[in-house]
Engineer: 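I'd like to ask you about the structure that follows.
In what follows, every chain begins at residue 1, and chains take the letters A, B, ... in the order their sequences are listed. Note that the coordinates shown come from a computational prediction; the quantities given were computed from them, not determined experimentally.
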Protein chains: 2
Amino acid sequence: MEEAAALLKQKGLKVTPQRLAILNLLRNTKEHPTAETIYKKLASDFPTMSLATVYKTLEVLKNMGLIQELNVGEGSFRYDANTNSHPHVVCISCGKVEDLDESLLKDVLDEISQHTDYKLVEQKLYFYGYCPACQHKLNN
Amino acid sequence: MEEAAALLKQKGLKVTPQRLAILNLLRNTKEHPTAETIYKKLASDFPTMSLATVYKTLEVLKNMGLIQELNVGEGSFRYDANTNSHPHVVCISCGKVEDLDESLLKDVLDEISQHTDYKLVEQKLYFYGYCPACQHKLNN
DNA sequence: GTGAATGCAAATCATTTGCACTCTT
DNA sequence: AAGAGTGCAAATGATTTGCATTCAC
């Protein structure tokens with residue numbers, strides 16, 4: 001696991017405390033937070049940081065390939081420091097978003113490629129259902 | 001192909017000219033238009049119709065299961081009168097969005113189900129690449 | 001006639017932008 | 001010192017909401 005600071009430098013980006021905080025937060029969570037969520041989580045450590053900075057930073061990190069943007073069908077984007085193309089599962093009861101293993105993609109992609117005349121370069125796969133915890137709740 | 005009017009009635013909805021126009025437009029296109037696009041296309045026939053009505057109507061039709069909402073990762077939603085869960089391909093050059101065959105889903109779903117403890121009920125699969133026309137353009 | 005649907009304008013929400021100021025390099 | 005990055009406030013764009021009017025039933 002490389003240092004966030006090193007990653008920023010490699011990309012020729014200035015290493016600011018805000019960027020470090022945002023990148024590290026994303027690298028240490030599995031929650032796929034939105035810009036708003038990131039902003040709130042960092043508010044205590046960076047009381048002067050503005051939401052605009054969060055958005056600008058996310059934009060930069062995305063363009064540099066350090067994070068990816070998800071759109072699960074809500075009104076807003078979520079962010080993921082795992083930049084491998086991997087499927088996601090969304091719990092339609094509690095809203096949680098989890099990763100699925102990247103390896104599941106290979107076969108899918110092969111099959112789709114054979115059935116379209118598009119030259120595919122990327123994909124976003126979202127599955128919706130009930131997470132184990134919510135399945136329990138609903139059965140009571 | 002059932003009549004749009006009949007579909008609305010079946011769902012207990014009042015049959016208004018605006019609803020008919022919107023539903024028919026969606027049922028007769030493969031373009032996956034946004035609310036804005038729908039509004040513009042109908043502007044000549046319904047000069048007094050407001051964008052708010054388009055949004056309200058889309059909301060109702062979606063809730064009744066007569067159309068589905070797509071989110072290809074743009075800033076806005078697109079709508080599709082094909083309510084079967086089917087994958088979509090997006091051309092990253094011209095922005096076109098096309099349907100893929102529903103049958104491609106079965107295997108995908110089976111495989112994913114085996115690898116997650118979520119109880120899946122739905123999915124949204126978006127593939128991104130270059131459509132045949134754009135492949136040509138780019139090769140010149 | 002009655003309640004649901006429409007149309008307008010105002011409101012909201014996520015995201016973006018402009019610009020002066022402040023840091024990293 | 002120079003330019004990139006930040007923070008604020010204002011702008012934008014998509015979508016939603018409130019409410020009076022109109023229309024489908």
Engineer: Measure the distance from CD on A/E69 to C1' on C/dT16 and round it to the nearest whole Å.
Structural biologist: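 Result: 13 Å.
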Engineer: In this structure, how many angstroms lie between the C1' atom of C/dT15 and the CD atom of A/E74, rounded?
Structural biologist: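 The distance from CD of A/E74 to C1' of C/dT15 comes to 15 Å, rounded to the nearest Å.
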Engineer: Over all heavy atoms of both residues, which pair between B/N24 and B/A4 is shortest? Give the atoms and the distance, please.
Structural biologist: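 Distance-wise, the nearest heavy atoms are OD1-CB, 3.3 Å.
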Engineer: I'd like to compare against my own output: the B/S/- annotation of nucleotides 15-25 of chain D with a strict under-4.0 Å heavy-atom distance to protein.
Structural biologist: BBBB-----BS
Engineer: Quick one: salt bridge (charged side-chain N to carboxylate O under 4.0 Å, His left out) partners of B/E102, sequence neighbours excluded?
Structural biologist: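 Salt bridge (charged side-chain N to carboxylate O under 4.0 Å, His left out) list for B/E102, sorted by chain: empty.
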Engineer: Rounded to the nearest Å, what distance is computed from the CG atom of residue A/L58 to the C1' atom of nucleotide C/dA14?
Structural biologist: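 After rounding, the reported distance stands at 13 Å.
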Engineer: Which residue pairs pass the ring-ring contact (aromatic ring centres under 6.0 Å, His included) test when at least one of the two sits in residues 5-32 of chain B, sequence neighbours left out?
Structural biologist: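 For residues 5-32 of chain B, and leaving out neighbouring residues, the ring-ring contact (aromatic ring centres under 6.0 Å, His included) pairs sorted by first residue read B/H32-B/H88.
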Engineer: Quick one: B/N71 CG to C/dA14 P, roughly how many Å, whole number?
Structural biologist: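 Taking atom P of C/dA14 as the reference, CG of B/N71 is at 14 Å.
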Engineer: For A/E122, what residues pass the salt bridge (charged side-chain N to carboxylate O under 4.0 Å, His left out) criterion, not counting sequence neighbours?
Structural biologist: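 Once residues adjacent in sequence are excluded, A/E122 has no partner under the salt bridge (charged side-chain N to carboxylate O under 4.0 Å, His left out) criterion.
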Engineer: Using side-chain hydrogen bond (donor to acceptor under 3.5 Å, both in side chains) as the criterion, list what pairs up with A/T83, not counting sequence neighbours.
Structural biologist: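 In terms of side-chain hydrogen bond (donor to acceptor under 3.5 Å, both in side chains), with neighbours along the sequence ignored, A/T83 is linked to no residue.
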Engineer: Please give me every residue in residues 40-50 of chain A whose heavy atoms get under 4.0 Å of an atom in DNA chain D, ordered by residue number.
Structural biologist: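 Output list: A/T48, A/M49, A/S50.
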Engineer: To the nearest angstrom, how far is A/R19 atom CZ from C/dC23 atom C1'?
Structural biologist: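 About 11 Å, once rounded to whole Å.
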Engineer: The helix from C/dG1-D/dC25 to C/dT25-D/dA1: angle between its terminal axes, five pairs each, to 10°?
Structural biologist: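 Angle reported: 30°, given to the nearest ten degrees.
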Engineer: CD1 of A/I22 versus P of D/dG5: gap in Å, rounded?
Structural biologist: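 After rounding, the gap between these two atoms is 13 Å.
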Engineer: How would you list, by chain and number, every residue that makes a side-chain hydrogen bond (donor to acceptor under 3.5 Å, both in side chains) with B/K62, sequence neighbours excluded?
Structural biologist: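 side-chain hydrogen bond (donor to acceptor under 3.5 Å, both in side chains) check on B/K62 returns B/E69.
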Engineer: Under the side chain to side chain donor-acceptor pair (under 3.5 Å) definition, can you give me all pairs with a residue in residues 33-44 of chain A, not counting sequence neighbours?
Structural biologist: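 Side chain to side chain donor-acceptor pair (under 3.5 Å) check on residues 33-44 of chain A returns A/E31-A/K41, A/T34-A/T37.
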Engineer: Are side-chain N/O atoms of A/N63 and A/E59 paired as donor and acceptor at under 3.5 Å?
Structural biologist: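 Yes, a side-chain donor-acceptor pair sits under 3.5 Å.
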Engineer: Throw together a table of side-chain donor-acceptor distances under 3.5 angstrom for residues 48-57 of chain A, partners on residues two or more places apart or in other chains.
Structural biologist:
{"from": "A/S50", "atom 1": "OG", "to": "A/A52", "atom 2": "N", "distance (Å)": "3.4"}
{"from": "A/S50", "atom 1": "OG", "to": "A/T53", "atom 2": "N", "distance (Å)": "3.3"}
{"from": "A/S50", "atom 1": "OG", "to": "A/T53", "atom 2": "OG1", "distance (Å)": "3.3"}
{"from": "A/T57", "atom 1": "OG1", "to": "A/T53", "atom 2": "O", "distance (Å)": "2.7"}

Engineer: Please collect all side chain to side chain donor-acceptor pair (under 3.5 Å) contacts where either partner lies in residues 128-138 of chain B, sequence neighbours excluded, each pair once.
Structural biologist: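 Of all non-adjacent pairs touching residues 128-138 of chain B, none passes side chain to side chain donor-acceptor pair (under 3.5 Å).
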Engineer: For C/dC23, does either OP1 or OP2 sit under 4.0 Å from a side-chain N or O belonging to A/Q18?
Structural biologist: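 A/Q18 to C/dC23 OP1/OP2: no side-chain N or O under 4.0 Å.
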Engineer: I'd like a table of donor-acceptor pairs (distance under 3.5 Å, sequence neighbours excluded) in which one partner is a side-chain atom from residues 12-23 of chain A, with atom names and distances.
Structural biologist:
{"from": "A/T16", "atom 1": "OG1", "to": "A/R19", "atom 2": "N", "distance (Å)": "3.2"}
{"from": "A/R19", "atom 1": "NH1", "to": "A/K14", "atom 2": "O", "distance (Å)": "3.0"}

Engineer: Using whole Å, what does the distance between atom P of nucleotide C/dT15 and atom CG of A/L70 come to?
Structural biologist: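 So the CG-P distance, A/L70 to C/dT15, works out to 12 Å.
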